[in-house]
*Asks:* 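Would you mind keeping the following structure in view while I ask a few things?
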There are 2 protein chains.
Amino acid sequence: MQTGKRRVGRPTTNVLTRDLIMQTSLRLITERGATGASMRDISRELGVQPSALYNHVSGHEDVIGGVRELVSERIDVSGFGTEPWIAALDRWAKSYRLAFAAHPPTIALLAVQPLTEQSRVGTMYDVVCRGLIDAGWPEARVLSLVVALENFILGAALDRAATSEILRPGVSDSTPSFQRAYAAREESLGEASAADAAFDFGLATMLAGLEAEYAALSQDA
Amino acid sequence: MQTGKRRVGRPTTNVLTRDLIMQTSLRLITERGATGASMRDISRELGVQPSALYNHVSGHEDVIGGVRELVSERIDVSGFGTEPWIAALDRWAKSYRLAFAAHPPTIALLAVQPLTEQSRVGTMYDVVCRGLIDAGWPEARVLSLVVALENFILGAALDRAATSEILRPGVSDSTPSFQRAYAAREESLGEASAADAAFDFGLATMLAGLEAEYAALSQDA
DNA sequence: ACCTGAACACCGTTCAAGT
DNA sequence: ACCTGAACACCGTTCAAGT
């Protein structure tokens, strides 16, 4: 990316754009982890001084927000309006998690960020809300449903981002039931990821619970 | 905490202990947020040089791990063995979330940390696993169940830690369904927290799904 | 408007020196 | 063994100066 040394003063053709900064940041985070994309790292990668970034972004928080937008673009909301609501939620949840799982270190960074107004994330919520309202869910409950599912998805993504050894009983310790459960899961999983198994199990459980809740709703009406 | 200026060399009575460092760190995180408990902040609060901390902890990661242990001590696993498994899970999940909710900024810090061996967290898993195995859940599925529920809990805690404005549609924008759902929830909630509503809804949904799954299990047997 | 370069107030961590 | 003090290699951000 470097173009030798630039002399002071405004360059004849701009070196940076906001989008270039976001793309570079996402790439660095993915390649080097959450701590590998400091403002100084990004500027170094782009061959500019750190202060140059501030002509296009307001600060590090702004960069993180932009990266979140980038990652969120790959979430699939196409099921709403074309499939039954439960299938649409299933598709949404799985693609949501995969979008973040493709860049594991982003999750811890992004999950805490407040939602910027007028963002693509906002339009995603709109599509999901519309699908659920049209399906007959009471408006007052729709956001609780969406947020609850999202909490699970982000928690699962966070889990996947952590080392796979995050949950492992110590050897020869005082947790026999934990060890038995661990060994039994190990055997039944084979090559599959434990985090994936927990996500699939949890998502199926939540959707089953939602289906039951939905059935109870139409019984009241 | 300061005791005037100490001269160089080993003090006659120790100033620090590992536990004192952890307690101070938790207090600072709670009072000042996740960024308010740097190694230098902790040392300043304790009236010592930053390097003094390294006689009792291996580094910042170690401190975070210790704080997680502190917070986790308040998780209630007393239901396992004394209540039906579903009630025990409900009690566990609610106290789990509350333990972290009492120190909101800790969650983002702690959720990503790998589990240290021989920790209290490990014994918590053991009690939960034992309760579920004794209740008749297949050993190979127990950990997926626990991890899935934990993912939801931590995701919900993360959500609660974020500003309450994290999810809010922009005014006069192109997300009408999102806005309707937001307004409807607002009205039905009154004073209650939106994050709480989503957690309660999600937990009830997951437990209902688990109950259905459990019933299906015994049908096969 | 958009870059460089210098500066400021921070980090985590290491290590010699002192008791 | 457990502290101080100095040092190293980092941060994010601001701002004057230059084109």
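Bear in mind the structure is a predicted one, so any value in this text is a computation, not a measurement. Below, chains carry the letters A, B, ... as their sequence lines are ordered, and counting in each starts from 1.
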*Asks:* Check the pair A:Asp200, A:Arg97 against salt bridge (charged side-chain N to carboxylate O under 4.0 Å, His left out), reporting the backbone distance first and the verdict last.
*Replies:* CA-CA 11 Å; A:Asp200 292 339; A:Arg97 174 162 169 277; 5.5 Å; no
*Asks:* Using the side-chain heavy atoms of A:His56, tell me which of these nucleotides is nearest: D:dC2, C:dT4, C:dC2.
*Replies:* C:dC2
*Asks:* Tell me whether the OP1 or OP2 atom of C:dT4 has a side-chain N or O from A:Arg6 closer than 4.0 Å.
*Replies:*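 For C:dT4, OP1/OP2 do have a side-chain N/O of A:Arg6 under 4.0 Å.
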*Asks:* Which whole-number value in Å describes the distance from B:Asn14 CG to D:dC3 C1'?
*Replies:* 9 Å
*Asks:* Could you pull out the protein-nucleic contacts involving nucleotides 12-16 of chain D (nitrogen or oxygen on both sides, under 3.5 Å)?
*Replies:*
{"residue": "D:dG12", "atom": "OP1", "partner": "A:Met39", "partner atom": "N", "Å": "3.0"}
{"residue": "D:dG12", "atom": "OP2", "partner": "A:Met39", "partner atom": "N", "Å": "2.9"}
{"residue": "D:dG12", "atom": "OP2", "partner": "A:Arg40", "partner atom": "N", "Å": "3.3"}
{"residue": "D:dG12", "atom": "N7", "partner": "A:Arg40", "partner atom": "NH1", "Å": "2.4"}
{"residue": "D:dG12", "atom": "O6", "partner": "A:Arg40", "partner atom": "NH1", "Å": "3.0"}
{"residue": "D:dT13", "atom": "OP2", "partner": "A:Tyr54", "partner atom": "OH", "Å": "2.9"}
{"residue": "D:dT13", "atom": "OP2", "partner": "A:His60", "partner atom": "N", "Å": "2.8"}
{"residue": "D:dT13", "atom": "O5'", "partner": "A:Tyr54", "partner atom": "OH", "Å": "3.3"}

*Asks:* Check DNA chain D for consecutive Watson-Crick or G-U pairs with both distances under 3.5 Å and list the runs of at least three as stems.
*Replies:* C:4-8 with D:12-16, C:12-16 with D:4-8
*Asks:* Report the distance from atom CZ of B:Arg10 to atom C1' of D:dC3, rounded to the nearest whole Å.
*Replies:* 9 Å
*Asks:* C:dA1, OP1 or OP2 - any side-chain N/O from A:Asn55 closer than 4.0 Å?
*Replies:*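 Answer is no, no contact under 4.0 Å.
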*Asks:* Whether A:Gln49 contacts C:dG5 is assessed here as follows: a side-chain N or O lying under 4.0 Å from the phosphate OP1 or OP2. Is that the case?
*Replies:*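 True: A:Gln49 side-chain N/O within range (under 4.0 Å) of C:dG5 OP1/OP2.
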*Asks:* Could you pull out all residues at least two apart from B:Arg10 that satisfy salt bridge (Lys or Arg N to Asp or Glu O under 4.0 Å)?
*Replies:* none
*Asks:* Calculate, to the nearest 0.5 Å, the distance between atoms OG1 and CG belonging to A:Thr24 and A:Leu16 respectively.
*Replies:* 8.5 Å
*Asks:* Tell me the interatomic distance from A:Arg18, atom CZ, to C:dC2, atom C1', rounded to whole angstroms.
*Replies:*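 Checked: the CZ to C1' distance equals 16 Å.
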*Asks:* Find the distance between CD (B:Glu150) and CH2 (B:Trp92) and round it off to the nearest 0.5 Å.
*Replies:*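 B:Glu150 CD to B:Trp92 CH2: 5.0 Å, rounded to 0.5 Å.
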*Asks:* Indicate the ring-plane relationship of A:Trp85 and A:Trp137, choosing parallel, tilted or perpendicular according to the 30° and 60° boundaries.
*Replies:* perpendicular
*Asks:* Roughly how far apart are B:Leu149 CG and A:Phe201 CZ, rounded to 0.5 Å?
*Replies:* 9.5 Å
*Asks:* Quick check on DNA chain C: between A:Pro11 and B:Arg7, whose nearest nucleotide comes earlier from the 5' end?
*Replies:* A:Pro11
*Asks:* Can a donor-acceptor pair be found, under 3.5 Å and without considering hydrogens, that links the side chain of A:Arg6 to the backbone of A:Gly47?
*Replies:*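 Yes: the side chain of A:Arg6 pairs with the backbone of A:Gly47.
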*Asks:* Starting at atom NZ of A:Lys5, determine the distance to atom P of C:dC3, rounded to an integer number of angstrom.
*Replies:* 17 Å
*Asks:* Rounded to the Å, how far apart are A:Leu16 CG and C:dT4 C1'?
*Replies:*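 Answer to the nearest Å: 12 Å.
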*Asks:* Does B:Asp126 reach the main-chain N or O of B:Thr123 with its side chain, forming a donor-acceptor pair under 3.5 Å?
*Replies:*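 No; zero donor-acceptor contacts below 3.5 Å.
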*Asks:* Short question: side chain of B:Thr30, backbone of B:Leu26 - any donor-acceptor pair under 3.5 Å?
*Replies:* yes
*Asks:* Roughly, in whole Å, what's the span from CD1 in A:Ile42 to C1' in C:dC3?
*Replies:*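 Whole-Å distance recorded here is 17 Å.
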